[in-house]
Amino acid sequence: MTQSVVVQVGQCGNQVGCRFWDLALREHAAVNKKGIYDEALSSFFRNVDTRSAGDGPDIYKGKICSLKARALLIDMEEGVVNEILQGPLRDVFDSKQLITDVSGSGNNWAVGYKVYGCQYRENIVEKLRKTAEHCDCLQCFFIIHSMGGGTGSGLGTFVLNLLEDEFPEVYRFVTSVYPSGEDDVITSPYNSVLAMKELNEHADCVLPIENESLFDIVNKIHQMVNSGKLGSTVKPNSLVTSSAGITKTVQEKPFDAMNNIVANLLSARFEGSLNMDLNEISMNLVPFPRLHYLVSSLTPLYTLADVNIPSRRLDQMFSDAFSRDHQLIRADPKHSLYLACALLVRGNVQVSDLRRNIERLKPSLHFVSWNQEGWKTSLCSVPPVGHSHSLLALANNTCVKPTFMELKDRFMKLYKKKAHLHHYLQVDGMEQGCFSEAISSLSDLIEEYNELDATKSGLRTAPSRLKIAV
């Protein structure tokens, strides 16, 4: 069985990561009633014998002794990590797998990347290697970070770069939380565009998530629950409630939605009639190296009281996955061009249900001419906690382009005035050329999506594939 390591960087990365580990433990507890350390658990957890002094030996079979997350927690402020260490998950994290500072990155990508990156490089490499040594077959690094701040964007993309240098054969999946237009960090467009260049060059897959889209979804659920339109109660352990079963305030809820995207990739870790490995996502969904941004949609967003959902509602779940209301960035995939699409289904769903719904939806979706059958599917019999079944759709679709165009516009408004630039240029190793290279990289990415969109209306042929020298 393969293992994955989660690297959570910055305040947002650690808050989302914390929810992820909480959910991962609850999902395994719901399935693993006998407390046996199995292959599914070993994907994200070590089983450590804590009776011996120091870092106890790993136990590969038998009863669960002490679970330790395969994780590295990094933040240049202590607050969030300290909260985690004082909370209910404190025993899940090895104290040797934490890297913190006290001063923070001041919402400055250059401080995170250039200053803290250089300062903590050896420490980060050592801890990554230590974590990797505990894996039999390390397949993937998950990086969870935000784009708008300093540590998440700067140090987060520094770590991504580092992973490519130190572990070139291991897949790098990145969950990136993009800032909203009304973000309270004035420099977030700079930080996001500088980080985007690194994501373009060093990530295998990026799952972009927008705060604004998540708040829209959460508010919609909140309204439906309060208006009684659901005609039923929302279960306490559904997506919209906390691990304690207490419905949280609107401000807190988006973390659950974010964490569930990554958590749904756990589905490959449970038994199923048609499982998908993480490397298959990258292999099947990324036809061109830079176009590796996957639009995520998760359904159902809420869970009804009944467990035996009839077929009509199952079909509705598939329809919802392609509607703009369920996308985790503000996008409309139905009216854009698909390069490929993966459907990860969990629960009591048959292969025939999957095929029927793909055939039903195909006529309304636009796929590139050279990949009309670009579907990758996964079935896992273990449903997520609080649901009878769920669907995570990952679409490589040109509908991400408006998000990048808006980010470019916000960057240029600041950059034309050279506003706040001196904060970055006073950092050692940071030059104005870094900004021009970053915006050029983003512009090139947008142009690649433009070329693909042009094929949808038949204006020009598809972009040429990579030329292979003989």
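We're numbering straight along the sequence, starting at 1. Excluded from the calculations below are hydrogen atoms, water molecules and symmetry mates; all remaining heavy atoms, backbone and side chain alike, are included.
Under the 4.5 Å side-chain criterion, counting only non-hydrogen atoms from C-beta, F158 is not in contact with W109.
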Could you give me the CA-CA distance, side-chain angles and deciding distance for Q8 and L72, then say whether side chain to side chain contact (heavy atoms under 4.5 Å, CB included) is met? CA-CA 6 Å; Q8 41 201 69; L72 178 57; over 6 Å; no
Assess the residue pair L298 and H326 against the criterion (side chain to side chain contact (heavy atoms under 4.5 Å, CB included)); give the C-alpha distance rounded to whole Å, side-chain angles, the decisive distance to 0.1 Å, and a yes or no. CA-CA 6 Å; L298 196 58; H326 285 67; over 6 Å; no
Give the C-alpha distance, both sets of side-chain angles, the deciding distance and a yes or no for side chain to side chain contact (heavy atoms under 4.5 Å, CB included) between Y449 and L337. CA-CA 9 Å; Y449 283 111; L337 192 65; over 6 Å; no
Can you list the steps and then say if F288 with W370 is a ring-ring contact (aromatic ring centres under 6.0 Å, His included)? CA-CA 13 Å; F288 304 112; W370 39 265; 5.6 Å; yes
Could you walk me through whether K68 and D58 satisfy the salt bridge (Lys or Arg N to Asp or Glu O under 4.0 Å) test, starting with their C-alpha distance in whole Å, then the side-chain angles of each, then the deciding distance to 0.1 Å, before giving a yes or no? CA-CA 10 Å; K68 296 290 180 188; D58 283 16; over 6 Å; no
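Checked by atom type and distance alone, the side chain of R70 never pairs as donor or acceptor with a backbone atom of S4 at under 3.5 Å. Side chain of N32 to backbone of H28: no donor-acceptor contact under 3.5 angstrom is found. No donor-acceptor distance shorter than 3.5 angstrom exists from the side chain of N396 to the backbone of L339, with no hydrogens or angles considered.
In this structure, K401 does not pair ionically with E448, as no charged nitrogen and carboxylate oxygen lie closer than 4.0 Å. Salt bridge annotation for D453-K456: absent, with no cationic side-chain nitrogen under 4.0 angstrom from a carboxylate oxygen. By the 4.0 Å N-to-carboxylate-O rule, R330 lies too far from D216 to be salt-bridged with it. Between R356 and E359 there is no salt bridge, since no side-chain nitrogen of the basic residue lies less than 4.0 Å from a carboxylate oxygen of the acidic one. Using a 4.0 Å cut-off between a side-chain N of Lys or Arg and a carboxylate O of Asp or Glu, D409 and K413 do not qualify as a salt bridge. Using a cutoff of 4.0 Å between basic side-chain nitrogens and carboxylate oxygens, E201 and K197 are scored as salt-bridged.
No more than 12 heavy atoms of other residues, nucleotides or ligands sit less than 6.0 Å from atom CG of N348. The number of heavy-atom neighbours closer than 6.0 Å to CZ of R355, taken from other residues, nucleotides and ligands shown, is 12 or below. Summarising the local packing, CE of M412 is surrounded by more than 12 heavy atoms from other residues, nucleotides or ligands at distances under 6.0 Å.
The aromatic rings of F20 and F44 lie perpendicular to each other, with more than 60° between the two planes, well past the 30° mark. Taking the six-membered ring where tryptophan is involved, the planes of F435 and Y190 are perpendicular, since the angle between them exceeds 60° and thus also 30°. Between F173 and Y171, the two ring planes are tilted [angle within 30° to 60°].
For the atom pair CD of E198 and CG of L160, the computed distance is 7.5 Å after rounding to the nearest 0.5 Å. The CG atom of N47 sits 5.0 Å away from atom CD1 of I59, with the distance rounded to the nearest 0.5 Å. Note: S42 OG to Y37 OH = 4.5 Å, rounded to the nearest 0.5 Å. Separating the CG atom in L328 from the OG atom in S296 is a distance of 5.5 Å, to the nearest 0.5 Å. Taking NE2 of H202 as the reference point, atom CG of D165 lies at 8.0 Å (rounded to 0.5 Å). Distance OG/S336 to CG/L452: 11.5 Å, rounded to 0.5 Å.
For the 3.5 Å distance criterion, the side chains of S443 and K408 qualify, holding a donor opposite an acceptor.
Scanning for ring pair (Phe, Tyr, Trp, His ring centres under 6.0 Å) contacts around Y338 gives F367, with sequence neighbours left out. S213 pairs by the side chain to side chain donor-acceptor pair (under 3.5 Å) definition with nothing, not counting sequence neighbours. Remark: D320 pairs with Q316 by the side chain to side chain donor-acceptor pair (under 3.5 Å) rule, at least two apart or across chains.
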